[in-house]
Trainee: 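Below you'll find the structure I mean.
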Amino acid sequence: MKKILLAAGLLATLGTGTAAACTNFIITKGASTDGSAMVSYAADSHQLYGALYKYDAPRKGYKPGALVSVYEWDTGRYLGDIPQAPRTYSTVGNMNDRQLIIAETTYGGRPELVDPDGGIDYGSLIYLTLQRAATAREAIATIVELANTYGYASSGESFSIVDKDEAWIFEMIGKGSNPVDGRNANKGIVWVARRIPDGYICAHANQARITQFPLDDPENCLYAPDVISFAREMGYYSGSDEEFSFSDTYAPLDFGAMRGCEARVWSFFRTFAPGMDAYSDYAMGHNPDNRMPLWVKPSQKISPKEVFDAMRDHYEGTPLDMTADIGAGGSACPYRWRPMEWEWEGRTYANERATATQQTGFWFVAQARDYLPDAIGGVLWFGVDDAATSALTPIYCGTTEVPFCFSEENGSMLEYSDSSAFWIFNRVAQFAYLRYDVIGRAVRESADAWEEEMLGKVKRFDEKVMREEMSHKRMVREATRFSVENAQRLFDRWVALDRYLMVKYIDGNVKVENADGFIHNGYDEKIPDTPEWPGYTDKWKEAVVRDHGDVLRVAE
């Protein structure tokens, strides 16, 4: 989701509650344990309802003259109608039935480059492109054509664009408003796209990351013909072409861009690649000259489960660890409620912005696997709400149905639904936040168990499809049933988890259990044994003693 203002306004912008920020990790197929290319995405927003979008392409295509209405993804604002493509691909979430994946993070950039009269926003670009493109290169061309033809209505954007063979990071920004004779002479975008070398990983998190780029390598780098000349016309740049930096020109760094955005990339890189502590001062927001590389080579190949877990990061084990300071309270809670900045005695302070965050609408890890038929080669591991307190379930890209628990028609941000996955995962998360070191750990164990089970089931299902040499029609039917049934199973499991957690952890207690269930007091099976009392963290105890110890101290 998008961040409306320039990076300099990150903290204040996020504090308004009307803007949001997302995180993308990209793993090339040569960097994964199973040979899949992977993209992760957290759609973070205080206003976005977590649902699984579905578009079914008509078998006979569209008639000439057909139109498609464009609505701004963030707000629902109607932007206009554009011609429909004659032929389209079916999509589920951010993946189409040719295994093309597109995800995004908004970096904002120079605010004067937003075109208020643009006819297509970043969200519509994603979903229309998924319907019209089969490969990453086709997707890049489609985005450019749509934005240049109809005008770009959003601020600066970074896209992850990945297919079965290639992985790209694509960054773009509009040209602002320059009315001449009733039209915008600046309509369209400037952009750069770089192919990520196979065997490497990349990431972006609400800050433009492409700096200098090769001008003569069309196999691995594509860009707008006026990306440099437009910057000169606007007075943004005056150096040589070879030294031109897209990010430094269109989205200059500041403390918020480094600490609130690039730190998430740094923590991801640090998890898998050696030597990243050398950039800790950059991630802390103190040294913009010590910029991280665009991509890094991991020390060993990365599994899908490791990518799942990377999306659950709260900077654990780093100087930014959100569980370690007194802000985590007495239960090591790695969450800070908005706004993102606050003042005390005339100085301003920042809450950390980690990858895992409470305001996630939906999140996923998508896999493109070139060694399987398209209908089952693409897997969208999909979840709703906070990644750290939710679980992913596999949705094959060939599915023809959306599980009801993930349906856009089932509930909303203003309408609670007992059958909605978004709402049950939020119920569990809200309870976990109260005593995160105890309840949060129990929730994470449940998520881990589910995901390990599903990874095994996907492997066995894939093998069954190939062993039985299923027809495409049967493959789609079986993949749809597999996806829907398991998603509903996950929903049912979380309903049961919600009830279990309430019984076990009510009133600050922890009821004791054995393999048979809760232990009673030895006399009445409806009365529990004496519960455990975990207490509080040492950090909290120390702070309380400093603040109020003279009153609370027990007399000897």
Trainee: Hey, could you give me each pair passing salt bridge (Lys or Arg N to Asp or Glu O under 4.0 Å) that has a residue in residues 294-304? Not counting sequence neighbours.
Mentor: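 Salt bridge (Lys or Arg N to Asp or Glu O under 4.0 Å) check on residues 294-304 returns no pairs.
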
Trainee: State, with a plain yes or no, whether a side-chain heavy atom of Trp191 is found less than 4.5 Å away from one of Ile143.
Mentor: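 The answer is no, as the side chains (C-beta and beyond) never meet within the 4.5 Å cut-off.
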
Trainee: Go through it in stages, so that I can follow the logic: the residues are Ile201 and Val296, the test is side-chain contact (heavy atoms from CB on, under 4.5 Å), and I'd like the CA-CA distance, side-chain angles, deciding distance and then a yes or no.
Mentor: CA-CA 6 Å; Ile201 60 176; Val296 297; 3.6 Å; yes

Trainee: If only side-chain N and O atoms count, and only distance matters, is there a donor-acceptor pair under 3.5 Å linking Gln47 with Ser45?
Mentor: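 Per modelled atom types, Ser45 and Gln47 side chains form no pair under 3.5 Å.
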
Trainee: Do any N or O atoms from the side chain of Arg312 and from the backbone of Ala388 form a donor-acceptor pair under 3.5 angstrom?
Mentor: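 The answer is no, because no donor-acceptor pair under 3.5 Å joins these two groups.
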
Trainee: Applying side-chain contact (heavy atoms from CB on, under 4.5 Å) to Leu113 and Phe230, what does each step give before you reach the verdict?
Mentor: CA-CA 11 Å; Leu113 296 184; Phe230 178 75; 4.0 Å; yes

Trainee: Where does the angle between the aromatic ring planes of Phe431 and Tyr505 fall among parallel (under 30°), tilted (30 to 60°) and perpendicular (over 60°)?
Mentor: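 If you compare the ring of Phe431 with that of Tyr505, the planes turn out perpendicular.
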
Trainee: Walk me through whether Gln212 and Ser245 qualify under side chain to side chain donor-acceptor pair (under 3.5 Å).
Mentor: CA-CA 4 Å; Gln212 287 81 17; Ser245 163; 4.7 Å; no

Trainee: Given 3.5 Å as the limit, does a donor-acceptor pair link the side chain of Thr318 with the main chain of Leu320, or not?
Mentor: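 Yes; at least one donor-acceptor contact below 3.5 Å.
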
Trainee: Return each pair, listed once, that meets side chain to side chain donor-acceptor pair (under 3.5 Å) where at least one residue sits in residues 432-442; pairs must be two or more places apart or across chains.
Mentor: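 Matches after skipping sequence neighbours: Asp386-Tyr433.
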
Trainee: Residues in salt bridge (charged side-chain N to carboxylate O under 4.0 Å, His left out) with Asp226, at least two apart?
Mentor: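 Checked Asp226 against salt bridge (charged side-chain N to carboxylate O under 4.0 Å, His left out); matches are Lys175.
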
Trainee: CZ/Phe268 to OG1/Thr355 distance, rounded to the nearest 0.5 angstrom?
Mentor: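 Here the rounded value is 9.5 Å.
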
Trainee: Has Asn148 got a side-chain atom pairing as donor or acceptor with Ile189's backbone, closer than 3.5 angstrom?
Mentor: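 Flag set: sc Asn148 to bb Ile189 pair under 3.5 Å.
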
Trainee: Indicate yes or no: at least one non-hydrogen side-chain atom of Val307 is less than 4.5 angstrom from one of Ile302.
Mentor: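 Counting from C-beta outward, Val307 and Ile302 do come under 4.5 Å.
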
Trainee: Taking side chain to side chain donor-acceptor pair (under 3.5 Å) as the definition, give me every residue that meets it alongside Arg291, ordered by chain and number, with sequence neighbours left out.
Mentor: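 Applying side chain to side chain donor-acceptor pair (under 3.5 Å) to Arg291 gives Ser247, Asp248.
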
Trainee: Could you tell me the separation between the CZ atom of Arg427 and the CG atom of Leu497, rounded to the nearest 0.5 Å?
Mentor: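 Result: 11.5 Å between the selected atoms.
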
Trainee: For residues 24-41, which residue pairs qualify under salt bridge (Lys or Arg N to Asp or Glu O under 4.0 Å), counting only residues two or more places apart or in two chains?
Mentor: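 Pairs touching residues 24-41 that pass the test: Lys29-Asp165, Lys29-Asp370.
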
Trainee: Roughly how far apart are Met95 CE and Leu380 CG, rounded to 0.5 Å?
Mentor: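 These two atoms lie 6.5 Å from each other.
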
Trainee: In sequence, state the C-alpha distance, the side-chain angles, and the governing distance for Glu452 and Lys305, and then conclude on salt bridge (charged side-chain N to carboxylate O under 4.0 Å, His left out).
Mentor: CA-CA 8 Å; Glu452 293 291 357; Lys305 179 61 170 137; 5.2 Å; no

Trainee: Name the orientation class of the two ring planes belonging to Phe362 and Trp73 (parallel below 30°, tilted from 30 to 60°, perpendicular beyond 60°).
Mentor: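 Because their plane-to-plane angle lies in the 30° to 60° range, the rings of Phe362 and Trp73 count as tilted.
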
Trainee: Are any side-chain N or O atoms of Gln99 and backbone N or O atoms of Gly378, one a donor and one an acceptor, separated by less than 3.5 Å?
Mentor: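 Yes; at least one donor-acceptor contact below 3.5 Å.
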
Trainee: Between Phe244 and Tyr250, how do the two ring planes meet: parallel, tilted or perpendicular, split at 30° and 60°?
Mentor: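 Judged by the thresholds at 30° and 60°, the geometry between Phe244 and Tyr250 is perpendicular.
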
Trainee: Report the residues that fulfil side chain to side chain donor-acceptor pair (under 3.5 Å) with Tyr49, sequence neighbours left out, ordered by chain and then residue number.
Mentor: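 Expected list: Ser420.
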
Trainee: Test of understanding: with side chain to side chain donor-acceptor pair (under 3.5 Å), list the residues that count as partners of Ser229, not counting sequence neighbours.
Mentor: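 Per chain and number, Ser229 pairs via side chain to side chain donor-acceptor pair (under 3.5 Å) with no residue.
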
Trainee: Indicate every side-chain donor-acceptor pair of residues 535-547 with a distance under 3.5 Å to a residue at least two apart or in another chain.
Mentor:
from   : atom 1 : to     : atom 2 : distance (Å)
Thr537 : OG1    : Trp540 : N      : 3.3
Glu542 : OE2    : Arg546 : NH1    : 3.0

Trainee: Will you find, in the side chains of Tyr152 and Asp121, an N or O donor that is under 3.5 Å from an N or O acceptor?
Mentor: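 Checked: Tyr152/Asp121 side chains show no N/O donor-acceptor pair below 3.5 Å.
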
Trainee: Taking atom SG of Cys261 and atom NE2 of His204, what is their separation to the nearest 0.5 Å?
Mentor: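 The NE2 atom of His204 is 12.5 Å from SG of Cys261, to the nearest 0.5 Å.
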
Trainee: Measuring from atom CD1 of Ile101 to atom CD1 of Ile161, what distance do you get when rounded to the nearest 0.5 angstrom?
Mentor: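 That separation rounds to 11.5 Å.
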
Trainee: With a 6.0 Å cut-off on ring centres, are Trp381 and Phe308 close enough?
Mentor: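 Centroid distance Trp381-Phe308: below 6.0 Å, so yes.
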
Trainee: Checking Glu306 side chain against Ser303 main chain: does a donor-acceptor pair fall under 3.5 Å?
Mentor: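 Yes, Glu306 side chain to Ser303 backbone: donor-acceptor pair under 3.5 Å.
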
Trainee: Start with the C-alpha distance between Leu294 and Cys202, add both sets of side-chain angles, then the distance that settles side-chain contact (heavy atoms from CB on, under 4.5 Å), and finish with yes or no.
Mentor: CA-CA 6 Å; Leu294 182 57; Cys202 186; 4.2 Å; yes

Trainee: Regarding Glu316 and Arg444, does a basic nitrogen lie under 4.0 Å from an acidic carboxylate oxygen?
Mentor: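 Result for this pair is no, no salt bridge flagged.
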
Trainee: I'd like to know if the side chain of Trp450 reaches the main chain of Leu392, judged simply by a donor and an acceptor atom lying under 3.5 Å from each other, with no hydrogens or angles considered.
Mentor: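 Side chain of Trp450 to backbone of Leu392: a pair is present.
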
Trainee: If you look only at pairs with a residue in residues 272-289, which of them pass as a salt bridge (Lys or Arg N to Asp or Glu O under 4.0 Å), with sequence neighbours excluded?
Mentor: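 Listed by first then second residue: Arg270-Asp277.
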
Trainee: Counting neighbours of CZ on Arg232 that are heavy atoms of other residues, nucleotides or ligands and sit closer than 6.0 Å, is the number greater than 12?
Mentor: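 Counting other residues, nucleotides and ligands, CZ of Arg232 exceeds 12 neighbours.
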
Trainee: Could you give me the CA-CA distance, side-chain angles and deciding distance for Asp44 and Thr357, then say whether side chain to side chain donor-acceptor pair (under 3.5 Å) is met?
Mentor: CA-CA 8 Å; Asp44 301 332; Thr357 185; 5.7 Å; no

Trainee: Drop me the distance from Phe25's CZ to Met311's CE, to the nearest 0.5 angstrom.
Mentor: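 One gets 5.5 Å once the value is rounded to the nearest 0.5 Å.
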
Trainee: Within a strict 4.5 Å, meaning less than it, do heavy atoms of the Glu352 and Arg259 side chains meet?
Mentor: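 Yes, close enough: below the 4.5 Å cut-off.
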
Trainee: Could you list the residues that satisfy side-chain contact (heavy atoms from CB on, under 4.5 Å) with Pro274, not counting sequence neighbours?
Mentor: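 Checked Pro274 against side-chain contact (heavy atoms from CB on, under 4.5 Å); matches are Ser299.
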
Trainee: Any side-chain heavy-atom pair from Thr106 and Ser155 closer than 4.5 angstrom?
Mentor: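 Result yes, sub-4.5 Å side-chain heavy-atom pair found.
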
Trainee: Is the backbone N or O of Tyr122 less than 3.5 Å from a side-chain atom of Ser154, with the two atoms forming a donor-acceptor pair by type?
Mentor: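 Yes; at least one donor-acceptor contact below 3.5 Å.
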
Trainee: Can you list the residues that meet the side chain to side chain donor-acceptor pair (under 3.5 Å) rule with Glu112, with sequence neighbours excluded?
Mentor: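 Side chain to side chain donor-acceptor pair (under 3.5 Å) list for Glu112, sorted by chain: Tyr236.
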
Trainee: Determine yes or no for a side-chain-to-main-chain donor-acceptor pair under 3.5 angstrom, with Arg110 supplying the side chain and Gly176 the backbone.
Mentor: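 Judged by distance alone, no pair lies under 3.5 Å.
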
Trainee: Counting distance only, does the side-chain N/O of Thr360 pair as donor-acceptor with the main-chain N or O of Ala42 below 3.5 Å?
Mentor: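 Judged by distance alone, no pair lies under 3.5 Å.
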
Trainee: I would like to know whether Tyr41 and Glu104 meet side-chain contact (heavy atoms from CB on, under 4.5 Å); could you show each step before the answer?
Mentor: CA-CA 7 Å; Tyr41 177 51; Glu104 60 77 33; 2.4 Å; yes

Trainee: May I have all residue pairs that pass salt bridge (Lys or Arg N to Asp or Glu O under 4.0 Å) and include part of residues 205-224, sequence neighbours excluded?
Mentor: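 For residues 205-224: Arg137-Glu219, Arg195-Glu219, Arg209-Glu262.
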
Trainee: Tyr349 and Trp344: aromatic ring centres closer than 6.0 Å?
Mentor: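 Centroid separation for Tyr349 and Trp344: 6.0 Å or greater.
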
Trainee: I want to know whether Phe213 and Phe246 have ring centres closer than 6.0 Å.
Mentor: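 No; Phe246 has its ring centre 6.0 Å or more from that of Phe213.
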
Trainee: Counting N and O atoms only, with roles assigned by atom type, does the side chain of Tyr223 sit under 3.5 Å from a partner on the main chain of Leu215, one being a donor and the other an acceptor?
Mentor: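 Side chain of Tyr223 to backbone of Leu215, a donor-acceptor pair under 3.5 Å: yes, one is there.
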
Trainee: Walk me through it: do Ser390 and Trp363 pass the test side chain to side chain donor-acceptor pair (under 3.5 Å)?
Mentor: CA-CA 10 Å; Ser390 61; Trp363 66 294; 2.9 Å; yes

